[in-house]
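Worksheet for the structure shown next.
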Amino acid sequence: MRKTLAISASLAVAVWLPLWCVFAQDAGLSAVSYYGKIHPHREPRKITIPDAGGYKVLKGDFHAHTLFSDGLVMPWDRVDEAVANGLDVLAITDHLEVRRHIGAGRLTLAKDNDDHNAAYRLAKPEADKHNLILVQGTEITRFEMPPGHLNALFISDANAIEAALDDWQVALAVAVGQGGFIQWNHPGWVSPDGGLKKGEPMRFTEAHEQARAKGLLHGIEVFNEMEHYPAALDWCNERDLAPIANSDIHQSEWNLYGHQNPLRPMTLILVKERSHDSVREAFFAKRTVGWAAGMVFGRQPWVGELFRACVEIKAADGGVALRNLSDIPCVIEAGGKTVDLPPQGSAAIAPATKLTVANWFVGTGRPLEIAL
């Protein structure tokens, strides 16, 4: 008797289900996807920059935060944003001293709570999937000036650096012992809880000079997020330091810059090959150039090499024809006239013995000059 009832119930379900599905579809209860209309597929930004001076030119951001300090996105999200922006290299540099969202905060990830290498470890598989070079880094955060904030890049163990934080110079020495490159962040930083006081001029302090002399300082941010520090480029020239441009991003890319913003800061690195070790070698050789807010800035040899690679110059029709082979904009001054040379664009100027690239800088108030 029970077997008969079970068979009858099964037959009833078999007959009823198809009829119900047809009824549900007719009643408009089936899902209809609008994914393609609401969220159209966007290709990653393509940034064309020719090889310069015998080197490949990579694009990178070497100052970015995640939920593992005071950022607002996960490590793999930073990777996806970098890929969408056409970057080749990314460094996640979460603060050692500031972990606002971890442990007792809003985010608890068990074994990762006290591991300062966790953000790098979580981001690495996503970076490898997209062929993005991921640099391990961290930020040493001092609210007084000096020293301010310092990034340690190309490190291997942030926990060992954190263990030495009682003395910031000892912490830098530990980072350098791991092969680390030390970058002074936002030297013009003004904050109510530290840094420079409002109206106080930027200065290269005696403490920073001592760190540099000991091999504990290798580069300076000339551009951070939305701030430009022209004097920092002079310091790089005078003290043999690498100029760098970074986002220092905490919120999402969309909220800070919007989607694929061409004015977003990045560092251009002239490398021997597309590899992590080659990027590190270029940093220590100071083959770095900043690009942000429509400006290019760096040390004379490499800014000049970059321009000659990007802009083709030919005599034509009694004048000079210029063709931009890159996606970097140029503003050209020659013969008392100014012309725009947009990305992948062309322009003509009258005969001249030199041209000045008004938006490419090799020092404070010193635009790049090219002899013709």
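No hydrogens, no waters, no symmetry mates; every other heavy atom, side chains included, goes into these values.
Residue pairs meeting the ring-ring contact (aromatic ring centres under 6.0 Å, His included) criterion with at least one partner in residues 334-356, sequence neighbours excluded, do not occur; the list is empty. Pairs engaging residues 355-372 under the salt bridge (charged side-chain N to carboxylate O under 4.0 Å, His left out) rule: K354-E369 [sequence neighbours left out]. Sorted by first and then second residue, the salt bridge (charged side-chain N to carboxylate O under 4.0 Å, His left out) pairs with a member in residues 248-258 read E253-R264; sequence neighbours excluded. Sorted by first and then second residue, the pairs that involve residues 288-308 and meet side-chain hydrogen bond (donor to acceptor under 3.5 Å, both in side chains), not counting sequence neighbours, are D240-R299. Screening residues 317-339 for salt bridge (charged side-chain N to carboxylate O under 4.0 Å, His left out), with sequence neighbours left out, gives E312-R323.
Within the hydrophobic cluster formed by Ile, Leu, Val, Met, Phe, Trp and Tyr side chains joined at under 4.5 Å, directly or through other members, V73 stands alone, with no partner residue.
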Let me have the donor-acceptor pairs involving side chains of residues 47-59, under 3.5 Å, with sequence neighbours excluded, atom names and distances please.
from	atom 1	to	atom 2	distance (Å)
K59	NZ	D88	OD2	3.1

N/O donor-acceptor pairs under 3.5 Å from side chains in residues 154-176, not counting sequence neighbours:
from	atom 1	to	atom 2	distance (Å)
S156	OG	Q178	OE1	3.4
D157	OD1	N117	ND2	2.9
D157	OD1	N159	N	3.0
N159	OD1	H116	N	2.8
N159	ND2	D115	OD1	3.0
D167	OD1	Q169	N	2.9
D167	OD1	V170	N	3.4
Q169	OE1	K214	NZ	3.3

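Judged as a ring-ring contact (aromatic ring centres under 6.0 Å, His included), and not counting sequence neighbours, the contacts of F307 are W360. Applying the side chain to side chain donor-acceptor pair (under 3.5 Å) rule to S346 yields no partners; only residues at least two apart in sequence or on another chain are considered. Evaluation of the side-chain contact (heavy atoms from CB on, under 4.5 Å) rule for P351 yields no partner, not counting sequence neighbours. Residues satisfying the side-chain contact (heavy atoms from CB on, under 4.5 Å) criterion with Y120, sequence neighbours excluded, are K124, L134, Q136.
Checked against H218 for a ring-ring contact (aromatic ring centres under 6.0 Å, His included), the options F62, F283, F181, W184 give a single hit: F181.
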